[in-house]
Structures are given as C-alpha cells and as structure tokens.
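Following: one structure in structure tokens, then a few remarks.
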Amino acid sequence: MSQALELISEARCFGGWQRSYRHRSERCGCDMRFAVYLPPAAEHTPVPTLYWLSGLTCTEDNFSTKAGAQRYAAALGMALIMPDTSPRGLALPGEDDAWDFGSGAGFYVTATQAPWAGHYDMYGYVVEELPALVESNLPVQAGLRAISGHSMGGHGALTIGLKHPDRYRSISAFAPICAPMRSPWGRKALSAYLGDDPTTWQQYDASWLAANQPSAQTLLIDQGTADPWLAEQLMPEVLEEACASSGQPLELRRQQGYEHGYYFVCTFIGEHLEFHHAALTGA
C-alpha cells in the first residue's frame, strides 16, 4: 500500500482548492506527484472524479495551469485528478535521452522489459494505485470516476477506459494517439517497454481494443484539423474504422483550424467536463 500523501502546495481557486501531492509509489518504485482540484462542493460532500492523463513531456502541472478546467469543475462539482506522465529521477539508462521516450513518456503501459520493468508501470499506477490512494484520502465518491486525456494521455484514457468500463463511467480524449501500433511514437515506446512481439502491444492500442473489445460507452474525441501530428502520429481515421466495424459508439469531432496544444484543449474542455458530469451524475 502506498504511503500517506504529502501536501506540496495549495491555492484557493474558484472557491475550491488546487493542490499538489507527493507519495511513495509501489507500482513505480519511486516518489510520484499528482495534482488535484477539489471544487467548493467537496467541502460538504464527496464528489465525482475526472482523471486527466497528460501528453508527452508533461508533468502533473500542465493541465492544471493551461486548460482552464477549474472554472467548469467548480460549477459542476467535480474533482480533477492529474498524475505525472512517468516516474522521475530513477537514473535508468536512456531515461532522459529523448523527449518522446522515458521521462515524461510513460505511455500508460506496464513495462515488462529491462530496465523499465518494475518502475514504468503507469498503467497499474493510474488504474489501481492512484484511485485507491485518492479515494482513501480525499473527499471524492469511491468508484465514481471518468477518464480523459490529451495526445499520449488521450491514448491512455482510451485504452484504460475501453479495458475497464466497470471502473470509468465515461471516456474522452483530445488529439489522442489512436493507433500506437502504427505510430512512430507508439512503436518506439511499445517495443522498448514491452518487447518486439506486436501481440503484446494490442491491449495498449485503442483501435485494436475498439475493434476487438468494444464498450457500450460512447468515446468523445476532439481532433484539430490543423494538428501537425495528425497524419503521421494520431491517425483518428484508424479508430473511426475500428469503431464502425465493431459498433463501438464514437463521437469524433474534427475541429476546423485547431492545432495540437492547450489553446485547443482549453477551447473545448468545458464541453468535455459537461459530458463527463452527465455520465457521472445521470443529469
């Protein structure tokens, strides 16, 4: 079991609290950090929770400082949980050699290959360890969770949500890596963390999961048409085809002229929070 939370910082925000915590992670074998937004309602009653997974190079702070989500979460009465994107400071060989692999690029998998195994388990951390920690220590409703993310984090949100419809009431993503088995970013990470057998990659590929293990939940995805990574890395059309083949519900919104970054995310984050709030509360 993870050790107790250590509060690093807090600030009043839209009547609630923006906080950062540190704790010892058994899944990752190091200290991990995550950010939290607790809305005003959490001072009176436990609230539902949205888990946000960030993209390549991000820490736990990117979404909380750039997306403007607290205003909406405060009004809707939702907590936001924002983990880091990888373990940090392990001094593993190659950990800090590239911006798209290692530190800041955990890819939300459970690594099986040396030297990453036993540390790079962002999948187990997000699915099991972090929710148990949050629900034991913070005023949130146990089991009442949604999941979303951006880019690499969108990949994580889709794969985790599709594999665990019992744990997440709703799933959304911004500019996700939809077919990492075909994407240069994805192939680099999956081969290093999981080995060279592509069959071991399938459970971390949203398009494969949508085609072979569809969920009844609608996937809400926003994708900018001016995104520079659209054709080579993100491939939403592959996911679209997979969903059509299996009957997986999908709402893919192509947003004209929008690019990849947080100007894009902050434009539509309110709509995503409303989508999750409806699923979490039945409103």
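Note that the coordinates shown come from a computational prediction; the quantities given were computed from them, not determined experimentally. Starting from 1, each residue takes its place in the sequence as its number. As a basis for the values below, the full set of heavy atoms in this structure was taken, side chains included, without hydrogen atoms, waters or symmetry mates.
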(request) Report the C-alpha distance between R33 and E6 in whole Å, list the side-chain angles of each, state the deciding distance to 0.1 Å, and finish with yes or no for salt bridge (Lys or Arg N to Asp or Glu O under 4.0 Å). (result) CA-CA 9 Å; R33 294 168 60 126; E6 175 189 355; over 6 Å; no
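- In this structure, F34 has its ring center closer than 6.0 angstrom to the ring center of Y21.
- A donor-acceptor pair is defined here as one N or O able to donate and one able to accept, closer than 3.5 Å; no such pair exists between the side chain of H155 and the backbone of P176.
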(message) Quick one, T110 with D121, criterion side-chain hydrogen bond (donor to acceptor under 3.5 Å, both in side chains). Give me CA distance, side-chain angles, the key distance, then yes/no.
(response) CA-CA 4 Å; T110 297; D121 186 6; 2.5 Å; yes
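- In terms of heavy atoms, I269 sits closest to A67 at CG2-O, 3.4 Å.
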(request) Dump the intermediate steps for side-chain contact (heavy atoms from CB on, under 4.5 Å) on W208 and L162, then the final yes or no. (result) CA-CA 10 Å; W208 189 93; L162 283 167; over 6 Å; no
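- The ring pair (Phe, Tyr, Trp, His ring centres under 6.0 Å) test applied to Y72 returns no partner, not counting sequence neighbours.
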(message) side-chain hydrogen bond (donor to acceptor under 3.5 Å, both in side chains) for N62 and S54? Distances and angles first, verdict last.
(response) CA-CA 8 Å; N62 290 72; S54 291; 5.9 Å; no
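- Taking hydrophobic clusters as Ile, Leu, Val, Met, Phe, Trp and Tyr residues chained together by side-chain heavy-atom distances below 4.5 Å, F275 does not share a cluster with Y51.
- In this structure, the side chain of R88 does not engage the main chain of M32 through any donor-acceptor pair within 3.5 Å.
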(request) In sequence, state the C-alpha distance, the side-chain angles, and the governing distance for Y125 and Y108, and then conclude on side-chain contact (heavy atoms from CB on, under 4.5 Å). (result) CA-CA 9 Å; Y125 178 72; Y108 304 101; over 6 Å; no
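- For the residue pair E95/Y120, the side-chain donor-acceptor check at 3.5 Å is satisfied.
- In this structure, the side chains of L53 and P83 come closer than 4.5 Å at one or more pairs of heavy atoms.
- Separating the CD atom in E259 from the CG atom in L230 is a distance of 11.5 Å, to the nearest 0.5 Å.
- Once rounded to the nearest 0.5 Å, the distance linking OG1 of T49 with CG of L138 reads 8.5 Å.
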(request) Under the side-chain hydrogen bond (donor to acceptor under 3.5 Å, both in side chains) rule, what do E251 and T218 come out as? Steps first, then yes or no, please. (result) CA-CA 7 Å; E251 184 178 356; T218 297; over 6 Å; no
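- Scanning all heavy atoms of the two residues, the minimum distance from A210 to Q248 falls at O-CB, 4.0 Å.
- Between H276 and H272, the ring-plane angle classifies as tilted under the 30° and 60° cut-offs.
- In terms of hydrophobic clustering, with Ile, Leu, Val, Met, Phe, Trp and Tyr side chains grouped at heavy-atom distances under 4.5 Å, I147 and F107 are assigned to a common cluster.
- Heavy atoms only, all atoms of each residue included: L273 and A73 are closest at CD1-N, 3.8 Å.
- Taking the charged nitrogens against the carboxylate oxygens, E60 and R19 have no contact shorter than 4.0 Å, which rules out a salt bridge.
- The closest side-chain donor-acceptor pair between Q18 and Q70 falls under 3.5 angstrom.
- Enclosure of atom CG in D196 is not indicated, since only 12 or fewer non-hydrogen atoms of other residues, nucleotides or ligands lie within 6.0 angstrom.
- Nearest approach of C30 to L90, heavy atoms of both residues: CB-CD2, 3.7 Å.
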(request) Test W52 against I81 for side-chain contact (heavy atoms from CB on, under 4.5 Å), laying out the working first. (result) CA-CA 6 Å; W52 173 269; I81 308 296; over 6 Å; no
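- Rounding to the nearest 0.5 angstrom, the gap separating the CG atom in L190 from the CG atom in D205 is 8.0 Å.
- Atom CZ of R71 has 12 or fewer neighbouring heavy atoms from other residues, nucleotides or ligands inside a 6.0 Å radius.
- With Q233 contributing its side chain and W185 its backbone, the two residues share a donor-acceptor pair below 3.5 Å.
- Smallest separation of non-hydrogen atoms from M122 and D84: CE-O, 3.1 Å.
- Under the side-chain hydrogen bond (donor to acceptor under 3.5 Å, both in side chains) criterion, the residue pairs touching residues 138-154 are E135-R145, S148-S172, S151-H260, with sequence neighbours excluded.
- Cluster annotation: L56 is not connected to F264 through the hydrophobic network of ILVMFWY side chains, with a link wherever side-chain heavy atoms come within less than 4.5 Å.
- In this structure, K163 is positioned above the aromatic face of Y204, its NZ or CZ under 6.0 Å from the six-membered ring centre and within 45° of the axis.
- Taking a cutoff of 4.0 Å between a charged side-chain nitrogen and a carboxylate oxygen, D222 and R253 qualify as a salt bridge.
- Looking at S207, its side chain does come within 3.5 Å of a backbone N or O of C178 through a donor-acceptor pair.
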(message) Between T199 and W201, does the side-chain hydrogen bond (donor to acceptor under 3.5 Å, both in side chains) criterion hold? Intermediate values first, please.
(response) CA-CA 5 Å; T199 62; W201 306 353; over 6 Å; no
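- Using a 4.5 Å heavy-atom cutoff, the side chains of R169 and L144 are in contact.
- When every heavy atom of Q217 is checked against every heavy atom of S215, the shortest pair comes out as N-OG, 3.0 Å.
- Atom CG of L130 is separated from atom CE of M82 by 10.5 Å, given to the nearest 0.5 angstrom.
- Looking at T281, its side chain does come within 3.5 Å of a backbone N or O of H277 through a donor-acceptor pair.
- Between W116 and Y193, the ring planes lie perpendicular to each other; the angle is over 60°, past the 30° to 60° tilted range.
- The pair E129-R24 does not count as a salt bridge, with every side-chain nitrogen at least 4.0 angstrom from each carboxylate oxygen.
- For R182, the CZ atom counts as loosely surrounded, since its 6.0 Å shell holds 12 or fewer non-hydrogen atoms of other residues, nucleotides or ligands.
- Proximity of Y37 to M78: side-chain heavy atoms (C-beta onward) are nowhere separated by under 4.5 Å.
- A donor-acceptor pair is defined here as one N or O able to donate and one able to accept, closer than 3.5 Å; no such pair exists between the side chain of T57 and the backbone of G104.
- For the pair D100 and K188, the minimum side-chain heavy-atom distance is below 4.5 Å.
- Note: S86 OG to M152 CE = 7.5 Å, rounded to the nearest 0.5 Å.
- S136 contributes no side-chain N or O that, together with a main-chain N or O of L133, makes up a donor-acceptor pair within less than 3.5 Å.
- When the side chains of ILVMFWY residues are joined at heavy-atom separations under 4.5 Å, either directly or via intervening members, L80 and L38 end up in two distinct hydrophobic clusters.
- Taken together through direct or relayed side-chain contacts under 4.5 Å among Ile, Leu, Val, Met, Phe, Trp and Tyr, L209 and L234 form part of one hydrophobic cluster.
- Atoms CG and CG, on L158 and L220 in that order, are 10.0 Å from each other to the nearest 0.5 Å.
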(message) Let's go through T59 and T85 carefully: what are the C-alpha distance in whole Å and the side-chain angles of both, what is the deciding distance for side-chain contact (heavy atoms from CB on, under 4.5 Å) to 0.1 Å, and is it a yes or a no?
(response) CA-CA 6 Å; T59 70; T85 54; over 6 Å; no
